[in-house]
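Reading through the structure tokens given below for one structure.
Please read these numbers as outputs of a predicted model, since none were measured by experiment. Just so you know, these numbers use all the heavy atoms, side chains as well, and skip hydrogens, waters and symmetry mates. Chain letters run A, B, ... following the sequence lines, proteins first, then strands; residues in each count from 1.
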Amino acid sequence: MRLAPYPSGALHIGNARMVVLNNEYVNKHDGEVYLFYDDTIGSPKSLRNTPKAKYVLPEAYDLIKDGLEWLGVKYTKVFYKSDRLELYYEYCEKLIKDGIAYVCFCSAGDFKNKFKDQKKPCPHRAQSVEKNLKEWNFMLEGKYEETTAVVRLKTGMDQKDPAVRDNIIMRISEAEHPRVGNKYLVWPMLEFSWAIDDYLIGITHIIRGADLVKEDFIEDFIWDHFGWKKAEFLHYGRIKFPDMKLSKTEARNNIQKGLYEGWDDPRTWSLQSLKKRGIKPEALKESLLSLGMSISGITFSTGWLYSKNKDLIDEISDRYFFVEDPVLLEIDEVPFEEYMAEPMLLPSNPKKGKRIIKGKVSNKKLKIFISKKDANKLKVGQILRLKDLINIQILSIDLKNNNVTSYYHSLELNREYSIIHWVPYDSNIKVKILKPDGVVSNGYGEINLKSIPLNTTIQFERYGFVNPIKLENDELFCYFTH
RNA sequence: GACCCUAUCGUCUAAUGGUCAGGAUAGUAGGCUUUCAACCUGCAGAUCUCGGUUCAACUCCGGGUAGGGUUACCA
């Protein structure tokens, strides 16, 4: 089998389905999978400035390799379409000699309106083999500019299905290719190149999305013509990823404009970004695999991925205190000089030990931060518990100035009081969290966060899982996991 | 428009023509818990529609309807 990514950017969660399915199939049947960079030229030079333009991005080759490595996919060979142009030329010439392909000079619009839609042959279809060969060589020699001449396959202008009437198999592109530069002027279309390559490299099974079912026809047509052994096609349906913009092209544009941080920006939903968020490859694999191979269109729910991932990281992620959008809370009449809380790193595994959060009380006054969200729910007179510390009673609430006052109530845990999290006023660390939608949330975390390992998920209690990325200038920067 | 494909709980997915239509996730109620998390126990929730074949239809056939795809000198 083969993985055939188009190297226009890093693999994203949508491309991952193709990868995971191929990998699973190969593992199950003790087969082999090749990595085959589908790096044809993409959009012609003259169309490159449109936002939809598709073209090879040099760094994508490595981004793809990294992504596959992260997913744990093992391939046995690597191919590049851009290495194989001579092969396509050779077989294209054979098709012309066999009278089954011709050089066509119709414009795209004319061909569609005057001939394809009318089921009529265009004037070039009847050219002699000699004439076609001559024109084909002119194409290769650069006599024609891009969009003025193409090679079409004689699948039949009377095909019932308009999608498969004399498709283009070769066209001219003056664009420069990152690997082979301007060495080649004539490039194959995807279906044609695969018809040749799938046979030549000995592919037995092809898994592709339902959006490519019509491509099967072209491959089949050419295999029939040459009398080649056929591969078997398997298809899976379209996935919709609501609320994600899964476009390598768009990601590329936003990175170039500086709107995204890079290929690991969470908004790209690239494998790199998932890794950086602390998503485990197994979780991604399982959630994609659980969708099966159904051909009908489906809607993906990030909930499945997060649920699978949570199962994996919940028992290994240490717990810490964090308050988002801090609000100052003053506690008066505190009957001791200093305080100390000793919450467990991981309550489900006490062996991991405790952390210590402590500070001093001055003039019976203790100052801490709580989150804005919790502060919003407070009512004057309410008694609540600061987790692992004390119970307090609320005296006044001034949300405009982010200030709440209270006084000490009692020490012992009483489950009737709701429990909230807190961070000392004078001993804390700034925390920034980048979320998948690009929103950054700010707050303070407990001081122990200064000495945690990076790139290992942690849980901010009553907030969520995050993956700490860097500690700089006394500020911890994290990616939000879920 | 033409052509192709698909149709089961909100979502995803199971069910040799015979199951009480199962599971996952989400939802909901309770339990447990110094996290509103996790965990445990309940509850609720689906065969698009109309015909046909059959002792028996989610399953096979036909017509509707709805959704998706292709109709690119993109992949």
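Under the side chain to side chain donor-acceptor pair (under 3.5 Å) criterion, A:Tyr88 pairs with A:Asp197, sequence neighbours left out. Every residue two or more places apart in sequence or in another chain was checked for a side chain to side chain donor-acceptor pair (under 3.5 Å) with A:Tyr25, and none qualifies. In this structure A:Asp83 satisfies the side chain to side chain donor-acceptor pair (under 3.5 Å) test together with A:Arg179, sequence neighbours excluded. Applying the side chain to side chain donor-acceptor pair (under 3.5 Å) test to A:Asp325 and every residue at least two apart in sequence or in another chain returns nothing.
If you find the closest nucleotide of RNA chain B to A:Ile41 and to A:His421, the one lying nearer the 5' end belongs to A:His421. Toward the 5′ end of RNA chain B lies the nearest nucleotide of A:Tyr463, the other residue of the pair A:Phe105 and A:Tyr463 mapping further downstream.
When heavy atoms are screened at a 4.0 angstrom cut-off, A:Glu146 is found touching no nucleic acid atom at all. Within 4.0 Å of A:Cys104, counting heavy atoms only, lies no atom of the nucleic acid at all. Within 4.0 Å (heavy atoms only), A:Lys116 reaches sugar-phosphate atoms of the nucleic acid but no base atom. At the heavy-atom level, A:Leu47 lies nowhere under 4.0 Å from the strands shown. Among the atoms of the strands shown, none is found under 4.0 Å from any heavy atom of A:Ser348. Within 4.0 Å of A:Lys119, counting heavy atoms only, lies no atom of the nucleic acid at all.
A gap of 15 Å separates the P atoms of B:C58 and B:G52, to the nearest Å. Taking the C1' atoms as reference points, B:C55 lies 46 Å from B:C40, given to the whole Å. Comparing the P positions of B:C9 and B:C4 gives an interatomic distance of 27 Å, to the nearest angstrom. Of the P atoms belonging to B:U13 and B:U8, the separation is 8 Å, rounded to the nearest Å. The P atoms of B:U47 and B:G42 are separated by 25 Å, rounded to the nearest whole Å. When the P atom is compared between B:G31 and B:G23, the two are found 25 Å apart, to the nearest whole Å. Comparing the P positions of B:A46 and B:G64 gives an interatomic distance of 29 Å, to the nearest angstrom. Comparing B:U70 with B:A14, their P atoms sit 24 Å apart, to the nearest whole Å.
Residue A:Lys120 places its NZ atom among 12 or fewer non-hydrogen atoms of other residues, nucleotides or ligands, all under 6.0 Å distant. Annotation: A:Gln256, atom CD; neighbour count of heavy atoms from other residues, nucleotides and ligands within 6.0 Å is above 12.
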Determine all donor-acceptor pairs shorter than 3.5 Å in which one atom belongs to a side chain in residues 303-311 of chain A; sequence neighbours excluded.
unit_1, atom_1, unit_2, atom_2, d
A:Tyr306, OH, A:Arg277, NH2, 2.8
A:Asn309, OD1, A:Lys280, N, 2.7
A:Asn309, ND2, A:Gly278, O, 3.3
A:Asn309, ND2, A:His482, NE2, 3.0

Which donor-acceptor pairs under 3.5 Å do the side chains of residues 283-290 of chain A make with protein atoms, sequence neighbours left out?
unit_1, atom_1, unit_2, atom_2, d
A:Lys285, NZ, A:Leu71, O, 3.1
A:Ser287, OG, A:Ala283, O, 3.0
A:Ser287, OG, A:Leu284, O, 3.1
A:Ser290, OG, A:Ser287, O, 2.9

Which donor-acceptor pairs under 3.5 Å do side chains of residues 460-468 of chain A form with protein atoms, sequence neighbours excluded?
unit_1, atom_1, unit_2, atom_2, d
A:Glu461, OE1, A:Lys387, NZ, 3.4
A:Glu461, OE1, A:His421, NE2, 2.8
A:Arg462, NH1, A:Asp374, OD2, 3.3
A:Arg462, NH1, A:His421, ND1, 3.1
A:Arg462, NH2, A:Asp374, OD1, 2.8
A:Arg462, NH2, A:Asp374, OD2, 3.4
A:Tyr463, OH, A:Ser441, OG, 3.1
A:Asn467, OD1, A:Thr456, N, 3.3
A:Asn467, OD1, A:Thr457, N, 3.3
A:Asn467, ND2, A:Lys276, O, 2.8

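Listed by first and then second residue, the salt bridge (Lys or Arg N to Asp or Glu O under 4.0 Å) pairs involving residues 133-157 of chain A are A:Lys131-A:Glu135 (not counting sequence neighbours).
By the 30° and 60° cut-offs, the orientation of the rings of A:Trp187 relative to A:Tyr184 is perpendicular. Ring geometry for A:Tyr144 against A:Phe105 counts as perpendicular: the plane angle is over 60°, on a 0 to 90° scale with 30° as the lower cut.
Taking the ring centre of A:Phe111 as origin, the terminal cationic atom of A:Arg165 falls outside the region bounded by 6.0 Å and 45° from the ring axis.
In this structure, the side chain of A:Gln382 engages the main chain of A:Lys379 through a donor-acceptor pair within 3.5 Å.
Residues from residues 311-326 of chain A with heavy atoms under 4.0 angstrom of RNA chain B, sorted by number: A:Asp314, A:Arg319.
Looking at RNA chain B, the stems built from 3 or more consecutive Watson-Crick or G-U wobble pairs, each pair with its key distances under 3.5 Å, are B:1-7 with B:65-71, B:10-13 with B:22-25, B:27-31 with B:39-43, B:48-52 with B:60-64.
Atom P of nucleotide B:A72 and atom CZ of A:Phe111 are separated by 9 Å, given to the nearest angstrom.
Of the listed nucleotides (B:U35, B:A38, B:C73), B:U35 has the atom at the smallest distance from the side chain of A:Arg462.
Residue-to-nucleotide contacts include no donor-acceptor pair under 3.5 Å from the side chain of A:Glu215 to the base of B:U70. Between the side chain of A:Asp374 and the base of B:C36, at least one donor-acceptor pair of N or O atoms lies under 3.5 Å.
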In B/S/- notation (B base, S sugar-phosphate only, - none; protein heavy atoms under 4.0 Å), nucleotides 3-15 of chain B written 5' to 3' is BSSS----BSS--
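The side-chain contact (heavy atoms from CB on, under 4.5 Å) with A:Trp263 is formed by just one residue from the set A:Leu57, A:Leu11, A:Leu271; it is A:Leu57.
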Give me the distances for all protein-to-nucleotides 44-49 of chain B N/O pairs that come in under 3.5 Å?
none

